[in-house]
Amino acid sequence: MGAADWAARAAAIAVDGRAVIDGQRVEARDGQRFDKHSPIDGRLLGSVVRGQAADIDAAVRSARSAFADGRWAGKAPAVRKKILQRFAEKILSARDELALLETLDMGKPIQYALGVDVPSTARTIAWYAEAVDKIYDEIAPTASNSLAMITREPMGVIGVIVPWNYPMIMAAWKLGPALAAGNSVVLKPSEKSPLTALRLAELAVEAGLPPGVFNVVPGYGHEAGEALALHMDVDAIGFTGSTRTGRRMLEYAGRSNLKRVYNELGGKSAFLVFPDFGDVERAAKTVAGSMFFNQGESCNAPSRVLVHASIADRFVEIVAGEVPQYAPADPLDPATVMGALVDATQMKTVLGFIAAGRDEGARLVAGGHQARTETGGCYVEPTVFDGVLNGMTIAREEIFGPVLSIIRFETEAEAVALANASAYGLQASVWSDNVNRAHRVARALKAGTVHVNQYDEDDITVPFGGFKQSGNGRDKSLHAFDKYTELKTTWLRIDADKP
Ligand code: NAD
(Lines give C-alpha, C1' and ligand atoms only; values in the text may rest on other atoms or scores of the structure.)
Protein backbone atom coordinates (compact mmCIF):
# COMPACT_ATOMS: atom_id res chain seq x y z
CA MET A 1 0.00 0.00 0.00
CA GLY A 2 1.22 3.50 -0.79
CA ALA A 3 0.94 6.75 1.13
CA ALA A 4 -2.38 7.60 -0.51
CA ASP A 5 -3.91 4.28 0.53
CA TRP A 6 -2.83 4.76 4.12
CA ALA A 7 -4.09 8.34 4.09
CA ALA A 8 -7.47 7.14 2.81
CA ARG A 9 -7.65 4.48 5.52
CA ALA A 10 -6.64 7.01 8.14
CA ALA A 11 -9.40 9.38 7.04
CA ALA A 12 -11.97 6.61 7.38
CA ILE A 13 -10.84 5.24 10.73
CA ALA A 14 -13.38 5.13 13.55
CA VAL A 15 -11.87 5.19 17.00
CA ASP A 16 -13.60 3.40 19.87
CA GLY A 17 -12.26 5.10 22.99
CA ARG A 18 -14.28 3.14 25.54
CA ALA A 19 -12.53 1.19 28.27
CA VAL A 20 -12.53 -2.61 28.31
CA ILE A 21 -13.67 -3.99 31.67
CA ASP A 22 -14.89 -7.52 32.25
CA GLY A 23 -14.66 -8.22 28.53
CA GLN A 24 -17.04 -5.35 27.66
CA ARG A 25 -16.57 -1.94 26.12
CA VAL A 26 -17.70 0.59 28.74
CA GLU A 27 -17.85 4.33 29.32
CA ALA A 28 -16.30 5.94 32.39
CA ARG A 29 -18.52 5.78 35.47
CA ASP A 30 -18.80 9.58 35.40
CA GLY A 31 -18.97 9.70 31.57
CA GLN A 32 -15.78 11.74 31.17
CA ARG A 33 -13.67 11.55 28.02
CA PHE A 34 -10.69 13.40 26.60
CA ASP A 35 -9.90 14.31 23.01
CA LYS A 36 -7.10 12.46 21.30
CA HIS A 37 -5.30 14.37 18.55
CA SER A 38 -2.71 12.93 16.16
CA PRO A 39 0.81 14.38 16.28
CA ILE A 40 1.04 13.78 12.52
CA ASP A 41 -1.02 16.84 11.68
CA GLY A 42 -3.07 17.69 14.75
CA ARG A 43 -6.23 16.00 13.46
CA LEU A 44 -8.79 14.86 16.03
CA LEU A 45 -8.81 11.07 16.14
CA GLY A 46 -11.71 10.79 18.55
CA SER A 47 -12.37 10.88 22.25
CA VAL A 48 -11.22 8.40 24.84
CA VAL A 49 -12.49 7.43 28.28
CA ARG A 50 -10.89 9.48 31.02
CA GLY A 51 -10.73 6.81 33.69
CA GLN A 52 -10.91 7.74 37.37
CA ALA A 53 -10.55 5.82 40.62
CA ALA A 54 -14.07 4.35 40.28
CA ASP A 55 -13.26 2.90 36.85
CA ILE A 56 -9.97 1.49 38.08
CA ASP A 57 -11.79 -0.02 41.02
CA ALA A 58 -14.33 -1.69 38.71
CA ALA A 59 -11.51 -3.10 36.60
CA VAL A 60 -9.59 -4.37 39.63
CA ARG A 61 -12.74 -6.02 41.01
CA SER A 62 -13.32 -7.72 37.69
CA ALA A 63 -9.69 -8.85 37.56
CA ARG A 64 -9.86 -10.12 41.15
CA SER A 65 -13.04 -12.15 40.53
CA ALA A 66 -11.49 -13.64 37.41
CA PHE A 67 -8.45 -14.64 39.39
CA ALA A 68 -10.33 -15.91 42.44
CA ASP A 69 -12.67 -18.24 40.57
CA GLY A 70 -9.80 -19.78 38.61
CA ARG A 71 -11.32 -19.16 35.19
CA TRP A 72 -7.80 -18.44 33.92
CA ALA A 73 -5.24 -19.42 36.56
CA GLY A 74 -7.09 -22.71 37.07
CA LYS A 75 -6.95 -23.74 33.43
CA ALA A 76 -4.44 -26.39 32.40
CA PRO A 77 -1.19 -24.85 31.17
CA ALA A 78 -1.73 -26.35 27.72
CA VAL A 79 -5.10 -24.58 27.49
CA ARG A 80 -3.65 -21.24 28.57
CA LYS A 81 -0.94 -21.73 25.99
CA LYS A 82 -3.42 -22.33 23.19
CA ILE A 83 -5.48 -19.24 24.06
CA LEU A 84 -2.43 -16.99 24.20
CA GLN A 85 -1.20 -18.41 20.91
CA ARG A 86 -4.58 -17.53 19.38
CA PHE A 87 -4.23 -14.04 20.86
CA ALA A 88 -0.87 -13.67 19.09
CA GLU A 89 -2.41 -14.87 15.82
CA LYS A 90 -5.24 -12.35 16.16
CA ILE A 91 -2.71 -9.57 16.63
CA LEU A 92 -0.99 -10.55 13.41
CA SER A 93 -4.32 -10.78 11.59
CA ALA A 94 -5.13 -7.22 12.70
CA ARG A 95 -1.71 -5.99 11.60
CA ASP A 96 -2.80 -3.16 9.31
CA GLU A 97 -5.42 -1.81 11.69
CA LEU A 98 -3.13 -1.89 14.74
CA ALA A 99 -0.22 -0.36 12.82
CA LEU A 100 -2.38 2.46 11.52
CA LEU A 101 -3.75 3.20 14.99
CA GLU A 102 -0.22 3.26 16.42
CA THR A 103 1.07 5.59 13.73
CA LEU A 104 -1.84 7.99 14.02
CA ASP A 105 -1.76 7.92 17.81
CA MET A 106 1.93 8.55 18.45
CA GLY A 107 3.49 9.51 15.13
CA LYS A 108 5.88 6.69 14.26
CA PRO A 109 6.42 5.77 10.58
CA ILE A 110 3.89 3.25 9.30
CA GLN A 111 6.65 0.98 7.95
CA TYR A 112 7.97 0.43 11.49
CA ALA A 113 4.53 0.11 13.06
CA LEU A 114 3.88 -2.65 10.49
CA GLY A 115 7.31 -4.23 10.44
CA VAL A 116 8.40 -3.87 14.05
CA ASP A 117 5.68 -2.99 16.54
CA VAL A 118 2.93 -5.38 15.47
CA PRO A 119 5.07 -8.47 14.78
CA SER A 120 7.16 -7.89 17.89
CA THR A 121 4.01 -7.64 20.03
CA ALA A 122 2.64 -10.86 18.57
CA ARG A 123 5.97 -12.63 18.96
CA THR A 124 6.20 -11.61 22.60
CA ILE A 125 2.77 -13.02 23.41
CA ALA A 126 3.48 -16.19 21.39
CA TRP A 127 6.86 -16.69 23.08
CA TYR A 128 5.38 -16.52 26.58
CA ALA A 129 2.48 -18.72 25.45
CA GLU A 130 5.00 -21.31 24.34
CA ALA A 131 6.75 -21.13 27.71
CA VAL A 132 3.58 -21.84 29.74
CA ASP A 133 3.87 -25.63 29.72
CA LYS A 134 7.66 -25.83 29.68
CA ILE A 135 8.55 -24.34 33.02
CA TYR A 136 8.96 -26.83 35.86
CA ASP A 137 9.02 -26.23 39.59
CA GLU A 138 11.76 -27.53 41.91
CA ILE A 139 12.24 -30.10 44.62
CA ALA A 140 14.98 -29.22 47.09
CA PRO A 141 17.76 -31.70 47.99
CA THR A 142 16.61 -32.21 51.61
CA ALA A 143 16.91 -35.15 54.02
CA SER A 144 14.92 -38.28 53.20
CA ASN A 145 12.25 -37.71 55.87
CA SER A 146 10.95 -34.62 54.16
CA LEU A 147 10.07 -33.21 50.80
CA ALA A 148 10.49 -29.51 50.10
CA MET A 149 8.77 -28.24 46.98
CA ILE A 150 9.62 -24.83 45.62
CA THR A 151 6.80 -23.64 43.43
CA ARG A 152 5.89 -20.48 41.57
CA GLU A 153 2.36 -19.19 41.97
CA PRO A 154 0.63 -16.39 40.08
CA MET A 155 0.29 -13.30 42.27
CA GLY A 156 -3.26 -12.28 41.45
CA VAL A 157 -3.98 -8.85 40.00
CA ILE A 158 -1.19 -7.07 38.16
CA GLY A 159 -1.44 -3.36 37.37
CA VAL A 160 0.40 -2.44 34.20
CA ILE A 161 1.26 1.18 33.41
CA VAL A 162 3.08 1.91 30.16
CA PRO A 163 4.45 4.84 28.14
CA TRP A 164 3.72 5.98 24.61
CA ASN A 165 6.92 5.30 22.68
CA TYR A 166 6.22 1.63 21.87
CA PRO A 167 2.67 1.37 23.24
CA MET A 168 1.93 -2.20 22.15
CA ILE A 169 5.40 -3.64 22.68
CA MET A 170 5.74 -2.20 26.19
CA ALA A 171 2.32 -3.59 27.09
CA ALA A 172 3.19 -7.01 25.62
CA TRP A 173 6.43 -7.24 27.61
CA LYS A 174 4.26 -7.19 30.76
CA LEU A 175 1.14 -8.94 29.45
CA GLY A 176 3.08 -11.92 28.09
CA PRO A 177 4.61 -13.16 31.37
CA ALA A 178 1.81 -11.84 33.62
CA LEU A 179 -0.96 -13.63 31.70
CA ALA A 180 1.11 -16.73 30.95
CA ALA A 181 1.73 -17.14 34.69
CA GLY A 182 -2.04 -17.09 35.32
CA ASN A 183 -2.55 -13.55 36.64
CA SER A 184 -5.26 -11.07 35.76
CA VAL A 185 -4.20 -7.67 34.46
CA VAL A 186 -5.47 -4.08 34.55
CA LEU A 187 -3.60 -2.04 31.95
CA LYS A 188 -3.43 1.75 32.02
CA PRO A 189 -1.96 2.89 28.70
CA SER A 190 -0.44 6.33 28.27
CA GLU A 191 -2.99 9.10 27.69
CA LYS A 192 -0.82 9.97 24.67
CA SER A 193 -1.28 6.57 22.99
CA PRO A 194 -4.28 4.63 24.33
CA LEU A 195 -5.78 3.31 21.10
CA THR A 196 -3.97 0.06 20.37
CA ALA A 197 -4.20 -1.17 23.98
CA LEU A 198 -7.99 -1.02 23.76
CA ARG A 199 -7.98 -3.09 20.58
CA LEU A 200 -5.55 -5.59 22.10
CA ALA A 201 -8.01 -6.24 24.93
CA GLU A 202 -10.80 -6.92 22.44
CA LEU A 203 -8.60 -9.26 20.42
CA ALA A 204 -7.69 -11.15 23.60
CA VAL A 205 -11.36 -11.75 24.39
CA GLU A 206 -11.96 -12.90 20.80
CA ALA A 207 -9.06 -15.32 21.23
CA GLY A 208 -10.79 -16.90 24.21
CA LEU A 209 -9.20 -15.10 27.15
CA PRO A 210 -11.97 -15.14 29.78
CA PRO A 211 -13.61 -11.78 30.55
CA GLY A 212 -11.97 -9.91 33.41
CA VAL A 213 -8.53 -11.41 32.87
CA PHE A 214 -7.30 -8.48 30.80
CA ASN A 215 -8.88 -5.07 31.39
CA VAL A 216 -7.83 -1.72 29.94
CA VAL A 217 -8.69 1.62 31.54
CA PRO A 218 -7.36 4.66 29.65
CA GLY A 219 -6.85 7.96 31.41
CA TYR A 220 -4.29 10.34 32.82
CA GLY A 221 -1.38 9.32 34.99
CA HIS A 222 -2.34 11.46 37.97
CA GLU A 223 -5.90 10.08 37.86
CA ALA A 224 -6.25 6.50 36.55
CA GLY A 225 -2.53 5.72 36.91
CA GLU A 226 -2.35 6.90 40.50
CA ALA A 227 -5.57 5.09 41.41
CA LEU A 228 -4.20 1.83 40.01
CA ALA A 229 -0.83 2.14 41.75
CA LEU A 230 -2.52 3.01 45.06
CA HIS A 231 -5.18 0.29 44.85
CA MET A 232 -5.18 -1.98 47.89
CA ASP A 233 -6.15 -5.05 45.88
CA VAL A 234 -3.42 -4.83 43.23
CA ASP A 235 -0.58 -7.23 43.98
CA ALA A 236 2.13 -5.81 41.73
CA ILE A 237 2.76 -2.94 39.36
CA GLY A 238 4.67 -3.50 36.15
CA PHE A 239 5.67 0.03 35.23
CA THR A 240 7.54 1.43 32.23
CA GLY A 241 8.03 5.16 32.00
CA SER A 242 10.12 8.02 33.28
CA THR A 243 12.34 7.84 36.33
CA ARG A 244 10.28 10.68 37.81
CA THR A 245 7.08 8.62 37.70
CA GLY A 246 8.94 5.45 38.74
CA ARG A 247 9.84 7.19 41.98
CA ARG A 248 6.14 7.81 42.54
CA MET A 249 5.34 4.14 41.97
CA LEU A 250 7.55 3.26 44.92
CA GLU A 251 5.82 5.91 47.05
CA TYR A 252 2.36 4.66 46.05
CA ALA A 253 3.34 1.15 47.11
CA GLY A 254 4.62 2.49 50.43
CA ARG A 255 1.42 4.43 50.98
CA SER A 256 -0.85 1.51 50.13
CA ASN A 257 -0.29 -2.25 50.39
CA LEU A 258 3.45 -2.58 49.67
CA LYS A 259 2.61 -4.09 46.31
CA ARG A 260 5.64 -5.19 44.37
CA VAL A 261 6.87 -2.49 42.02
CA TYR A 262 8.89 -3.30 38.92
CA ASN A 263 10.23 -0.15 37.31
CA GLU A 264 11.61 0.04 33.76
CA LEU A 265 12.74 3.64 33.51
CA GLY A 266 14.76 6.13 31.54
CA GLY A 267 18.22 5.97 30.05
CA LYS A 268 21.16 7.98 28.79
CA SER A 269 23.05 5.16 27.16
CA ALA A 270 26.74 5.57 26.37
CA PHE A 271 28.28 4.44 23.08
CA LEU A 272 32.09 4.18 23.39
CA VAL A 273 34.20 4.20 20.24
CA PHE A 274 37.91 3.37 20.67
CA PRO A 275 40.57 4.16 18.07
CA ASP A 276 41.42 0.48 17.68
CA PHE A 277 38.05 -0.20 16.09
CA GLY A 278 38.79 -0.51 12.39
CA ASP A 279 35.46 0.42 10.83
CA VAL A 280 34.65 3.93 12.08
CA GLU A 281 32.09 4.30 9.35
CA ARG A 282 30.05 1.35 10.57
CA ALA A 283 30.16 2.64 14.15
CA ALA A 284 29.06 6.13 13.08
CA LYS A 285 26.26 4.84 10.85
CA THR A 286 25.06 2.50 13.57
CA VAL A 287 24.80 5.26 16.13
CA ALA A 288 22.84 7.47 13.73
CA GLY A 289 20.45 4.63 12.89
CA SER A 290 19.88 3.65 16.52
CA MET A 291 19.64 7.22 17.80
CA PHE A 292 17.14 8.45 15.23
CA PHE A 293 14.99 5.31 15.13
CA ASN A 294 11.52 5.99 16.59
CA GLN A 295 12.32 9.76 16.46
CA GLY A 296 14.84 9.24 19.26
CA GLU A 297 11.97 8.29 21.56
CA SER A 298 13.61 5.07 22.75
CA CYS A 299 14.66 4.47 26.34
CA ASN A 300 17.81 2.74 25.10
CA ALA A 301 18.75 5.31 22.44
CA PRO A 302 22.56 5.69 22.39
CA SER A 303 22.30 9.40 23.12
CA ARG A 304 25.78 9.87 24.66
CA VAL A 305 28.55 9.02 22.23
CA LEU A 306 32.05 8.93 23.66
CA VAL A 307 34.63 9.01 20.87
CA HIS A 308 38.40 8.92 21.12
CA ALA A 309 39.78 12.35 20.21
CA SER A 310 42.01 10.91 17.46
CA ILE A 311 39.03 9.70 15.39
CA ALA A 312 36.38 12.16 16.56
CA ASP A 313 36.51 14.58 13.61
CA ARG A 314 35.99 11.79 11.11
CA PHE A 315 33.28 10.21 13.25
CA VAL A 316 31.36 13.49 13.56
CA GLU A 317 31.62 14.11 9.83
CA ILE A 318 30.13 10.68 9.03
CA VAL A 319 27.30 11.05 11.56
CA ALA A 320 26.47 14.51 10.22
CA GLY A 321 26.46 13.07 6.69
CA GLU A 322 23.86 10.51 7.76
CA VAL A 323 21.43 13.11 9.13
CA PRO A 324 19.64 14.10 5.88
CA GLN A 325 18.36 10.57 5.30
CA TYR A 326 16.55 10.76 8.66
CA ALA A 327 14.72 13.97 7.83
CA PRO A 328 11.17 13.83 9.24
CA ALA A 329 8.50 13.08 6.65
CA ASP A 330 4.88 11.94 6.43
CA PRO A 331 4.50 8.96 8.81
CA LEU A 332 1.81 7.48 6.56
CA ASP A 333 4.24 7.26 3.65
CA PRO A 334 5.80 3.75 3.70
CA ALA A 335 9.17 5.26 2.65
CA THR A 336 9.40 7.50 5.74
CA VAL A 337 12.01 6.62 8.37
CA MET A 338 11.40 9.45 10.84
CA GLY A 339 7.94 10.54 11.85
CA ALA A 340 6.42 12.94 14.37
CA LEU A 341 7.19 13.34 18.06
CA VAL A 342 4.31 12.23 20.24
CA ASP A 343 2.82 15.66 20.94
CA ALA A 344 3.47 19.40 21.14
CA THR A 345 4.56 19.15 24.77
CA GLN A 346 7.25 16.62 23.92
CA MET A 347 8.34 18.72 20.94
CA LYS A 348 8.67 21.77 23.18
CA THR A 349 10.72 19.76 25.67
CA VAL A 350 13.07 18.53 22.95
CA LEU A 351 13.50 22.02 21.48
CA GLY A 352 14.19 23.28 25.02
CA PHE A 353 17.02 20.75 25.39
CA ILE A 354 18.45 21.82 22.03
CA ALA A 355 18.43 25.43 23.22
CA ALA A 356 20.18 24.35 26.45
CA GLY A 357 22.86 22.56 24.39
CA ARG A 358 23.55 25.74 22.45
CA ASP A 359 23.47 27.96 25.55
CA GLU A 360 25.86 25.73 27.48
CA GLY A 361 28.43 25.82 24.67
CA ALA A 362 27.99 22.58 22.72
CA ARG A 363 28.61 22.88 18.96
CA LEU A 364 25.54 22.21 16.82
CA VAL A 365 26.66 20.27 13.74
CA ALA A 366 23.31 19.18 12.31
CA GLY A 367 19.60 19.87 12.73
CA GLY A 368 18.38 21.80 15.73
CA HIS A 369 15.01 23.03 14.48
CA GLN A 370 11.37 22.22 14.33
CA ALA A 371 10.40 20.75 10.95
CA ARG A 372 7.33 20.40 8.74
CA THR A 373 5.57 23.26 10.55
CA GLU A 374 3.14 23.58 7.62
CA THR A 375 1.58 20.22 8.53
CA GLY A 376 0.40 21.27 11.99
CA GLY A 377 2.24 18.21 13.33
CA CYS A 378 5.09 17.81 15.83
CA TYR A 379 8.38 17.30 14.00
CA VAL A 380 11.98 18.02 15.00
CA GLU A 381 15.07 17.63 12.82
CA PRO A 382 17.56 14.95 13.77
CA THR A 383 20.14 16.91 15.73
CA VAL A 384 23.83 16.36 16.48
CA PHE A 385 25.96 18.24 19.00
CA ASP A 386 29.75 17.92 19.10
CA GLY A 387 32.06 19.19 21.83
CA VAL A 388 29.63 18.14 24.55
CA LEU A 389 30.85 17.87 28.14
CA ASN A 390 29.41 15.18 30.36
CA GLY A 391 28.18 17.76 32.86
CA MET A 392 26.04 19.62 30.31
CA THR A 393 22.27 19.28 30.53
CA ILE A 394 22.05 17.49 27.16
CA ALA A 395 24.54 14.84 28.36
CA ARG A 396 22.95 14.38 31.78
CA GLU A 397 19.25 14.33 31.09
CA GLU A 398 17.16 12.00 29.02
CA ILE A 399 15.88 14.08 26.10
CA PHE A 400 13.65 11.44 24.52
CA GLY A 401 13.94 13.01 21.10
CA PRO A 402 16.34 12.90 18.11
CA VAL A 403 19.29 14.64 19.78
CA LEU A 404 22.75 13.08 19.83
CA SER A 405 25.59 14.35 22.03
CA ILE A 406 29.22 13.63 21.09
CA ILE A 407 31.83 13.75 23.85
CA ARG A 408 35.56 13.35 23.19
CA PHE A 409 37.91 11.34 25.42
CA GLU A 410 41.63 10.56 25.58
CA THR A 411 42.03 7.37 27.65
CA GLU A 412 40.11 4.16 28.30
CA ALA A 413 39.84 4.93 32.01
CA GLU A 414 38.40 8.36 31.24
CA ALA A 415 35.88 6.85 28.80
CA VAL A 416 34.66 4.31 31.34
CA ALA A 417 34.42 6.94 34.07
CA LEU A 418 32.43 9.26 31.80
CA ALA A 419 30.12 6.45 30.68
CA ASN A 420 29.37 5.51 34.29
CA ALA A 421 28.99 9.13 35.44
CA SER A 422 25.25 9.06 34.85
CA ALA A 423 22.21 8.55 37.03
CA TYR A 424 21.07 6.00 34.46
CA GLY A 425 22.39 2.57 33.52
CA LEU A 426 20.12 1.08 30.88
CA GLN A 427 22.41 0.13 27.98
CA ALA A 428 25.91 0.80 26.66
CA SER A 429 28.03 -0.12 23.70
CA VAL A 430 31.77 -0.68 23.26
CA TRP A 431 33.49 -0.52 19.90
CA SER A 432 36.98 -2.03 19.82
CA ASP A 433 38.80 -4.73 17.84
CA ASN A 434 40.90 -5.52 20.89
CA VAL A 435 39.17 -8.44 22.57
CA ASN A 436 40.79 -7.71 25.94
CA ARG A 437 39.64 -4.12 25.92
CA ALA A 438 36.15 -5.06 24.72
CA HIS A 439 35.72 -7.51 27.62
CA ARG A 440 37.38 -5.25 30.17
CA VAL A 441 35.24 -2.25 29.30
CA ALA A 442 32.03 -4.28 28.97
CA ARG A 443 32.59 -5.57 32.51
CA ALA A 444 33.29 -2.11 33.87
CA LEU A 445 30.17 -0.50 32.43
CA LYS A 446 27.22 -0.14 34.79
CA ALA A 447 24.39 -1.04 32.43
CA GLY A 448 21.75 -3.74 32.12
CA THR A 449 22.81 -4.54 28.56
CA VAL A 450 26.21 -3.98 26.96
CA HIS A 451 26.67 -4.35 23.22
CA VAL A 452 30.06 -4.98 21.66
CA ASN A 453 30.72 -3.73 18.12
CA GLN A 454 27.00 -3.41 17.40
CA TYR A 455 23.95 -1.82 18.95
CA ASP A 456 20.74 -3.16 17.49
CA GLU A 457 20.79 -6.79 18.51
CA ASP A 458 17.69 -7.56 20.52
CA ASP A 459 15.51 -10.55 21.17
CA ILE A 460 12.66 -11.65 23.41
CA THR A 461 14.96 -14.36 24.79
CA VAL A 462 17.18 -11.89 26.70
CA PRO A 463 16.34 -9.68 29.69
CA PHE A 464 15.86 -5.95 29.20
CA GLY A 465 16.23 -3.45 32.02
CA GLY A 466 18.60 -1.19 33.81
CA PHE A 467 21.01 -0.57 36.64
CA LYS A 468 20.76 2.47 38.91
CA GLN A 469 17.92 4.89 38.18
CA SER A 470 17.02 3.06 34.98
CA GLY A 471 14.92 0.71 37.08
CA ASN A 472 14.85 -2.55 38.96
CA GLY A 473 12.88 -5.21 37.12
CA ARG A 474 13.73 -7.00 33.91
CA ASP A 475 11.27 -7.31 31.07
CA LYS A 476 11.54 -10.12 28.50
CA SER A 477 13.06 -13.59 28.73
CA LEU A 478 12.06 -16.23 31.29
CA HIS A 479 13.38 -13.93 34.03
CA ALA A 480 10.25 -11.80 33.61
CA PHE A 481 8.19 -14.59 35.21
CA ASP A 482 9.92 -13.78 38.49
CA LYS A 483 8.11 -10.45 38.56
CA TYR A 484 4.61 -11.83 38.28
CA THR A 485 4.87 -14.95 40.44
CA GLU A 486 5.42 -15.57 44.14
CA LEU A 487 7.90 -18.19 45.23
CA LYS A 488 6.47 -20.69 47.71
CA THR A 489 8.15 -23.44 49.68
CA THR A 490 5.97 -26.34 50.85
CA TRP A 491 7.46 -28.81 53.34
CA LEU A 492 6.05 -32.33 53.53
CA ARG A 493 7.05 -34.77 56.22
CA ILE A 494 7.63 -38.33 55.03
CA ASP A 495 7.29 -40.77 57.90
CA ALA A 496 9.31 -43.86 57.12
CA ASP A 497 7.83 -45.91 60.01
CA LYS A 498 4.13 -45.47 59.35
CA PRO A 499 2.49 -48.23 57.35
P1 NAD B 1 5.77 8.93 32.07
O2 NAD B 1 6.47 8.50 33.30
O3 NAD B 1 5.36 10.36 31.96
O4 NAD B 1 4.43 8.10 31.88
C5 NAD B 1 4.43 6.69 31.82
C6 NAD B 1 3.07 6.18 32.26
O7 NAD B 1 2.87 6.56 33.62
C8 NAD B 1 1.91 6.77 31.48
O9 NAD B 1 0.91 5.78 31.33
C10 NAD B 1 1.40 7.87 32.39
O11 NAD B 1 0.04 8.18 32.25
C12 NAD B 1 1.66 7.26 33.76
N13 NAD B 1 1.81 8.26 34.81
C14 NAD B 1 2.33 9.51 34.70
N15 NAD B 1 2.28 10.14 35.89
C16 NAD B 1 1.73 9.27 36.77
C17 NAD B 1 1.39 9.35 38.14
N18 NAD B 1 1.61 10.45 38.85
N19 NAD B 1 0.85 8.26 38.73
C20 NAD B 1 0.63 7.13 38.02
N21 NAD B 1 0.88 7.01 36.70
C22 NAD B 1 1.44 8.07 36.08
O23 NAD B 1 6.69 8.49 30.87
P24 NAD B 1 6.43 8.70 29.32
O25 NAD B 1 6.75 10.11 28.96
O26 NAD B 1 5.09 8.16 28.95
O27 NAD B 1 7.50 7.70 28.68
C28 NAD B 1 8.80 8.02 28.45
C29 NAD B 1 9.70 7.37 29.48
O30 NAD B 1 9.57 5.95 29.46
C31 NAD B 1 11.16 7.65 29.21
O32 NAD B 1 11.79 8.03 30.41
C33 NAD B 1 11.69 6.31 28.73
O34 NAD B 1 13.06 6.12 28.92
C35 NAD B 1 10.86 5.37 29.51
N36 NAD B 1 10.90 4.04 28.91
C37 NAD B 1 11.63 3.05 29.52
C38 NAD B 1 11.70 1.78 28.96
C39 NAD B 1 12.46 0.66 29.63
O40 NAD B 1 12.24 -0.49 29.29
N41 NAD B 1 13.36 0.95 30.56
C42 NAD B 1 11.04 1.53 27.75
C43 NAD B 1 10.31 2.56 27.15
C44 NAD B 1 10.25 3.81 27.74
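When a residue number appears, it is its place in the shown sequence, counting from 1. Atoms within a ligand are numbered from 1 in the order they appear, just like the ligands themselves. Predicted, not measured: the structure shown is a model, and the values here were computed from it.
For residues 284-296, the set of pairs meeting the salt bridge (Lys or Arg N to Asp or Glu O under 4.0 Å) definition, not counting sequence neighbours, comprises Glu281-Lys285.
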Less than 3.5 Å apart, which donor and acceptor atoms pair up between the side chains of residues 166-176 and the rest of the protein, not counting sequence neighbours?
| residue | atom | partner | partner atom | Å |
| --- | --- | --- | --- | --- |
| Tyr166 | OH | Ser298 | OG | 2.6 |
| Lys174 | NZ | Thr240 | OG1 | 2.6 |
| Lys174 | NZ | Asp475 | OD1 | 3.4 |
| Lys174 | NZ | Asp475 | OD2 | 3.1 |

Give every donor-acceptor pair under 3.5 Å between a side-chain atom in residues 338-346 and any protein atom, sequence neighbours left out.
| residue | atom | partner | partner atom | Å |
| --- | --- | --- | --- | --- |
| Asp343 | OD1 | Thr345 | N | 3.3 |
| Asp343 | OD1 | Gln346 | N | 2.8 |
| Asp343 | OD2 | Lys192 | NZ | 3.1 |
| Gln346 | NE2 | Phe400 | O | 2.8 |

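Taken from CZ in Arg474 to OH in Tyr262, the straight-line distance is 13.0 Å, to the nearest 0.5 Å.
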Quick check for students: name every N or O atom pair between ligand 1 and the protein closer than 3.5 Å, with distances.
| residue | atom | partner | partner atom | Å |
| --- | --- | --- | --- | --- |
| ligand 1 | 2 (O) | Ser242 | N | 2.9 |
| ligand 1 | 2 (O) | Ser242 | OG | 2.6 |
| ligand 1 | 2 (O) | Thr245 | OG1 | 2.7 |
| ligand 1 | 9 (O) | Val162 | O | 2.8 |
| ligand 1 | 9 (O) | Lys188 | NZ | 3.1 |
| ligand 1 | 11 (O) | Lys188 | NZ | 2.6 |
| ligand 1 | 11 (O) | Glu191 | OE1 | 2.6 |
| ligand 1 | 11 (O) | Gly221 | N | 3.3 |
| ligand 1 | 18 (N) | Arg248 | NH1 | 3.1 |
| ligand 1 | 18 (N) | Tyr252 | OH | 3.0 |
| ligand 1 | 19 (N) | Gly221 | O | 3.2 |
| ligand 1 | 19 (N) | Tyr252 | OH | 3.0 |
| ligand 1 | 21 (N) | Gly221 | O | 3.4 |
| ligand 1 | 23 (O) | Ser242 | N | 3.3 |
| ligand 1 | 25 (O) | Trp164 | NE1 | 3.0 |
| ligand 1 | 26 (O) | Trp164 | NE1 | 3.1 |
| ligand 1 | 30 (O) | Gly241 | O | 3.3 |
| ligand 1 | 32 (O) | Glu398 | OE1 | 2.5 |
| ligand 1 | 34 (O) | Glu398 | OE1 | 3.4 |
| ligand 1 | 34 (O) | Glu398 | OE2 | 2.5 |
| ligand 1 | 41 (N) | Leu265 | N | 3.3 |
| ligand 1 | 41 (N) | Leu265 | O | 2.8 |

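In this structure, Glu202 pairs ionically with Arg199, as a charged nitrogen and a carboxylate oxygen lie closer than 4.0 Å.
Each of Asp458, Asp482, Asp459 was checked for a salt bridge (Lys or Arg N to Asp or Glu O under 4.0 Å) with Lys476, and the lone residue meeting it is Asp458.
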